[in-house]
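Single-structure report; data block below.
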Amino acid sequence: MVPFSVPTALRPGWPGRLSPPWRVHSVNGSGAPANRLFSSGGAYPSVPLSSPLPGAPTPVFATVSGQEKFETKVTTLDNGLRVASQNKFGQFCTVGILINSGSRYEANYLSGIAHFLEKLAFSSTDRFDSKDEILLTLEKHGGICDCQTSRDTTMYAVSADSKGLDTVVGLLADVVLHPRLTDEEIEMTRMAVRFELEDLNMRPDPEPLLTEMLHEAAYRGNTVGFRRFCPTENIAKIDRGVLHSYLRNYYTPDRMVLAGVGVEHDHLVECARKYLLGTQPAWGSETAVDVDRSVAQYTGGIIKLERDMSNVSLGPAPFPELTHIMIGLESCSFLEADFIPYAVLNMMMGGGGSFSAGGPGKGMFTRLYLNVLNRHHWMYNATAYHHSYEDVGRQVLATHSRKLPHELCTLIRNVKPEDIKRVASKMLRGNPAVAALGNLADLPSYEHIHVALSSRDGRLPKTYRLFR
C-alpha cells in the first residue's frame with residue numbers, strides 16, 4: 001500500500017501550522033520503507049517549483065474566453081447603498097460591509113476615532129446583548145467575523161455557510177448601524193488601544209511604526225498623513241458622543257458597499273433591502289451634515305525619531321545599535337492611466353503580497369491553492385474567499401464597478417519598457433518621503449538623500465559612503 005502524510009493545515013478540523021510539502025513513500029510487506037519517489041530530499045531534489053514532478057497527473061486549468069463565467073454584479077438601492085457580488089461554487093461565502101471611513105476623514109475630529117471603531121466592532125447591538133451572543137449566532141452557521149480599518153476604508157466581514165446569508169446580513173446591519181457603544185465597552189476599548197500603542201513602541205519589528213511615520217512625512221498634515229493609531233492624549237477624550245458625531249457623517253448608505261462572494265446576487269439584494277433600506281441608525285439620521293471631501297496632497301519630507309532600540313530584544317543579548325530607514329516616492333491614484341505601469345514596477349522591485357519574495361513559503365502556498373483548494377470545493381479556505389470579497393468590495397466602493405482579472409491582465413500585457421522608465425523617472429525626480437528610526441547620528445540630510453535619488457548614479461556624497 002502507499003500511505004501519505006497530509007499537512008496539518010489541510011486536514012479538516014485540525015489546527016496547526018503547515019507541515020513540509022507532501023511526502024509519499026511505498027512500504028514493502030515487512031513494513032520497511034522502500035524508495036521514496038517524491039520528497040524534498042528524494043530522487044528529484046532539483047525540480048523547480050515551476051515544473052511538474054515526474055509521474056504526477058497533468059493539471060487541468062480553467063480557461064478564459066474573453067469573459068468570466070461569473071461576473072461581478074452590482075445593484076444600487078434607493079438609499080445609495082451598493083450591493084456587489086461574485087458567485088462561486090462551494091458551501092461557504094464571505095459577506096461584508098465596506099465603508100468610506102478611516103483616519104483620513106478625521107480632520108475635524110479627534111484623531112483615533114477609526115481606531116476605536118475597529119476595536120468596538122461586533123460588540124453589543126440593539127438585537128445582541130454581547131459579543132459572545134454574536135459569536136454564538138455565527139457558530140450556528142460555521143461563521144467567523146472580522147473588522148479591519150485602514151486610512152480610507154473600514155470593513156466588517158463575516159465568513160459562514162451560504163445557507164445562513166439572511167442571518168449574516170441582518171447581523172452585519174445591526175453591528176454597523178445599531179451598536180450600543182456602552183460605557184463598559186468604550187472603557188475596555190481604551191485599555192485595548194493603550195496596550196496596542198505600548199506594543200507598537202516595544203516590538204522588535206519597526207515596520208508598523210515606520211509605515212506610520214512614512215505616511216506622516218509623505219502627506220504632512222492632510223488626509224492619509226493623519227495618524228491611523230489613536231494618540232495617547234486622545235484615548236480618554238473619545239466617548240459615545242464623539243463616536244456618534246463621526247458616525248452620523250461617515251456611516252451613511254451612499255458611502256457603503258455590501259459585498260459578497262459565494263452568494264446569489266438576487267438573494268443578497270433581497271437581504272440588503274430587508275435589513276439596510278429604510279432603517280434608522282443608532283445616531284438618529286441617515287443624512288450626513290459635514291463630510292470632509294479633501295483631496296490627498298503629497299508633500300514629501302522627513303520624519304525622524306531618535307531611539308535606543310537595544311532594549312527591545314526578546315533574548316538576553318541586546319540588539320546592536322541600528323538605524324531603520326524607509327523611503328517612499330510619489331506614484332499616482334488608481335484612477336489614473338499610469339497606475340498599471342506603477343503596479344508592474346512595484347512588482348519588479350519586489351513588492352506585492354506576503355509570498356511574493358519567493359522561498360519555500362511561496363511554493364508551498366502556490367501548491368496549496370492550485371493543487372488542493374481550487375480542486376476540492378468542499379475544502380473551504382476563509383483567506384481565499386476573504387481576499388476575493390475584499391477585491392470586489394474595494395473596487396466597487398472606489399469606482400462603482402469592478403475590473404475582472406482578464407481585463408487587468410490585458411492592461412498589464414500592454415505595459416512597455418518605456419512606460420516603466422517614464423514612471424520611474426517621474427518618481428525619482430519628486431520629493432521623497434523619509435522615515436528614520438533608531439540611532440540617527442550618521443543619518444544623511446534630507447537634501448542629500450533627495451539629490452542621490454535624482455542623480456544618475458544614485459550615490460550619496462563621499463562623507464556618507466561606507467567604501468570610499
Side-chain angles (χ1 to χ4, degrees), residues 70 72-77 79-88 90-102 114 117-123 125 127-128 131 134-135 137-139 141-179 247 250-277 279 281 380-402:
F70 298 106
T72 301
K73 297 181 179 179
V74 182
T75 298
T76 303
L77 303 187
N79 61 358
L81 184 141
R82 282 155 283 167
V83 182
S85 72
Q86 178 119 3
N87 199 1
K88 295 283 184 184
Q91 179 183 351
F92 287 84
C93 66
T94 295
V95 181
I97 295 177
L98 296 91
I99 310 167
N100 269 329
S101 167
L117 291 174
E118 179 184 59
K119 300 302 178 189
L120 285 163
F122 294 97
S123 297
T125 69
R127 289 174 49 210
F128 300 95
K131 176 173 285 189
I134 290 176
L135 297 178
T137 301
L138 290 176
E139 280 183 9
H141 301 281
I144 55 175
C145 61
D146 180 40
C147 178
Q148 297 180 12
T149 300
S150 64
R151 287 176 165 79
D152 57 3
T153 307
T154 300
M155 300 182 294
Y156 298 80
V158 170
S159 296
D161 193 307
S162 301
K163 295 177 182 177
L165 181 62
D166 186 275
T167 301
V168 167
V169 175
L171 186 149
L172 282 168
D174 217 42
V175 165
V176 172
L177 298 176
H178 304 285
L247 292 167
Y250 293 100
Y251 275 43
T252 55
D254 59 302
R255 301 177 66 85
M256 297 182 183
V257 169
L258 174 66
V261 171
V263 297
E264 293 288 345
H265 185 73
D266 291 343
H267 191 191
L268 186 62
V269 171
E270 178 186 342
C271 293
R273 290 197 172 107
K274 180 178 179 181
Y275 294 108
L276 292 164
L277 187 62
T279 181
Y380 172 64
N381 181 267
T383 302
Y385 266 59
H386 188 90
H387 288 170
S388 184
Y389 137 82
E390 185 176 340
D391 175 58
V392 171
R394 281 185 176 274
Q395 287 201 49
V396 174
L397 188 67
T399 67
H400 295 249
S401 62
R402 181 192 177 222

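Note that these values count all heavy atoms, side chains included, but never hydrogens, waters or copies made by symmetry. All of these numbers come straight from a predicted model, not from anything done at the bench.
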* Any side-chain heavy atom of L117 within less than 4.5 Å of one from L247? ->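 Answer yes - side chains close enough.
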Quick check against the 3.5 Å criterion: does [X] have a side-chain atom that pairs as donor or acceptor with the backbone of [Y]?
X    : Y    : answer
T154 : S101 : yes
R394 : T153 : no
T279 : Y275 : no
R255 : N100 : yes
D174 : T125 : no

* Please name all residues satisfying salt bridge (charged side-chain N to carboxylate O under 4.0 Å, His left out) with K163, sequence neighbours left out, ordered by chain then number. =>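 Partners of K163 by the salt bridge (charged side-chain N to carboxylate O under 4.0 Å, His left out) criterion come out as none, since no residue qualifies.
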* Asked: For D266, which residues count as a salt bridge (charged side-chain N to carboxylate O under 4.0 Å, His left out) partner, sequence neighbours excluded?
  -> none
* Partner of L81 under side chain to side chain contact (heavy atoms under 4.5 Å, CB included), chosen from T252, L276, L277 -> L276
Can you name the nearest heavy-atom pair linking [X] to [Y], along with the distance?
X    : Y    : result
Y389 : I97  : OH-N, 4.1 Å
A259 : G393 : CB-CA, 3.8 Å
S401 : T399 : O-OG1, 2.9 Å
D166 : C271 : CA-SG, 3.8 Å

* How far apart are the C-alpha atoms of Y251 and V176, what are their side-chain angles, what is the distance that settles it, and do they pass the side-chain contact (heavy atoms from CB on, under 4.5 Å) test? -> CA-CA 8 Å; Y251 275 43; V176 172; 3.9 Å; yes
* Verify the distance criterion only: is there a donor paired with an acceptor across the side chains of S85 and N87 at less than 3.5 Å? =>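 No.
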* To do: Kindly check if the number of other-residue, nucleotide or ligand heavy atoms within 6.0 Å of NZ (K131) is above 12?
  =>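 Buried by this count: over 12 neighbours within 6.0 Å.
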* For Y156, ring-ring contact (aromatic ring centres under 6.0 Å, His included) partners two or more places apart -> none
